[in-house]
Amino acid sequence: SFLSARSLVQGCHSPFFRYACSMLSFVVSTIAYFIASFFIKGRLDDMDIPKGMTRSIVIFIAAAAVSYGLAFVVDLMIV
């Protein structure tokens, strides 16, 4: 059958689910990036840090770190 018990037990190791598992990690990390950047921008606004290139780089690096970390955790949970 299409979704047999054996394919469900194999998880992301089966060819059918490999694409879905990688897409789940991508979608979750993308959403986490935008949420993290929103909250980091708000936190830096509360601290009255002026807008500029350094602030933008800090926001990008911090949001990317959160995104990569969450993608790593999702990968650990799936496999």
Side-chain angles (χ1 to χ4, degrees):
S1 73
F2 183 65
L3 288 175
S4 66
R6 182 176 179 207
S7 67
L8 291 175
V9 170
Q10 289 177 346
C12 289
H13 299 292
S14 68
F16 177 73
F17 289 109
R18 189 170 295 137
Y19 178 74
C21 291
S22 63
M23 285 306 297
L24 176 67
S25 177
F26 175 74
V27 168
V28 168
S29 65
T30 301
I31 293 170
Y33 175 82
F34 287 109
I35 292 172
S37 67
F38 175 78
F39 283 107
I40 293 167
K41 283 179 193 176
R43 184 72 174 157
L44 293 178
D45 283 339
D46 291 343
M47 294 169 40
D48 292 328
I49 295 180
K51 295 181 179 179
M53 181 65 84
T54 304
R55 176 184 157 145
S56 299
I57 291 172
V58 167
I59 292 169
F60 172 74
I61 290 174
V66 169
S67 176
Y68 283 131
L70 191 60
F72 179 73
V73 170
V74 168
D75 283 342
L76 285 178
M77 289 174 53
I78 290 175
V79 173

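All values below were derived from every heavy atom in this structure, side-chain atoms included, with hydrogens, water molecules and symmetry-related copies excluded. All values reported here derive from a predicted model rather than from experimental measurement.
- Side-chain atoms of Tyr33 and Phe60, non-hydrogen and from C-beta on, do get closer than 4.5 Å to each other.
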> Are Ser29 and Leu70 close enough, and set up right, to give a side chain to side chain contact (heavy atoms under 4.5 Å, CB included), and what steps lead you there?
Replying inline: CA-CA 6 Å; Ser29 65; Leu70 191 60; 5.6 Å; no

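- Separating the CD1 atom in Ile59 from the CZ atom in Arg43 is a distance of 13.5 Å, to the nearest 0.5 Å.
- The distance from the CE atom of Met23 to the OG1 atom of Thr30 is 8.0 Å, given to the nearest 0.5 Å.
- Clustering ILVMFWY residues whenever any of their side-chain heavy atoms sit less than 4.5 angstrom apart, transitively, puts Ile61 in a cluster other than the one holding Ile35.
- What you find for Ala63 and Ile40 is that their closest heavy atoms are N-CD1, 3.8 Å.
- To the nearest 0.5 angstrom, Asp48 atom CG is 8.0 Å from Asp46 atom CG.
- Ion pair Arg55/Asp45 flagged as a salt bridge, since at least one NZ, NE, NH1 or NH2 atom sits closer than 4.0 Å to an Asp/Glu carboxylate oxygen.
- Minimum heavy-atom separation, Ser67 to Ala32: CA-CB, 4.5 Å.
- Within the 4.5 Å cutoff, no side-chain heavy atoms of Leu44 are placed close to those of Lys51.
- There is no path of hydrophobic side-chain contacts, each under 4.5 Å, that joins Ile49 to Phe39.
- Remark: Tyr68 OH to Asp75 CG distance equals 12.5 Å, nearest 0.5 Å.
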